[in-house]
Amino acid sequence: MTGRNRQINIKATEETITELYRIADDMGMPLGAVLEQALAALAAQRGKQDIG
């Protein structure tokens, strides 16, 4: 079990949505896992502690 049991609804450009799905498909990961990794990378870039 992944613990991913919450849903979010966000507005984004068509390009952003397409890129998100492309990355998830390329990595063979669900969207939630891609979001987690992206947020962790952003936090690291900003000098913050890793989430999760």
Side-chain angles (χ1 to χ4, degrees):
M1 181 169 264
T2 65
R4 293 184 197 98
N5 59 0
R6 301 287 309 266
Q7 188 171 3
I8 63 171
N9 181 14
I10 58 173
K11 289 188 176 189
T13 65
E14 187 64 36
E15 294 81 11
T16 298
I17 294 168
T18 298
E19 183 68 2
L20 175 60
Y21 278 99
R22 186 193 64 74
I23 290 169
D25 288 345
D26 287 352
M27 297 179 76
M29 297 171 63
L31 296 176
V34 173
L35 177 59
E36 287 175 359
Q37 285 196 11
L39 291 173
L42 182 58
Q45 181 183 29
R46 297 179 67 210
K48 307 285 182 178
Q49 187 178 16
D50 191 23
I51 65 168

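Predicted model, so just to flag it, every value in this text is computed and none were measured.
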- Task: Could you list the residues that satisfy side chain to side chain contact (heavy atoms under 4.5 Å, CB included) with Arg6, not counting sequence neighbours?
- Result: none
N/O donor to acceptor pairs below 3.5 angstrom from side-chain atoms of residues 7-15, sequence neighbours left out:
{"from": "Thr13", "atom 1": "OG1", "to": "Thr16", "atom 2": "N", "distance (Å)": "3.1"}
{"from": "Thr13", "atom 1": "OG1", "to": "Thr16", "atom 2": "OG1", "distance (Å)": "2.9"}

- Message: Connecting only ILVMFWY residues whose side-chain heavy atoms lie within less than 4.5 Å of each other, what is the rest of Met27's hydrophobic cluster?
- Response: Ile17, Leu20, Tyr21, Ile23, Met29, Leu31, Val34
- Please list all pairs passing the salt bridge (Lys or Arg N to Asp or Glu O under 4.0 Å) test where one or both residues lie in residues 20-29, with sequence neighbours left out. Glu19-Arg22, Arg22-Asp26
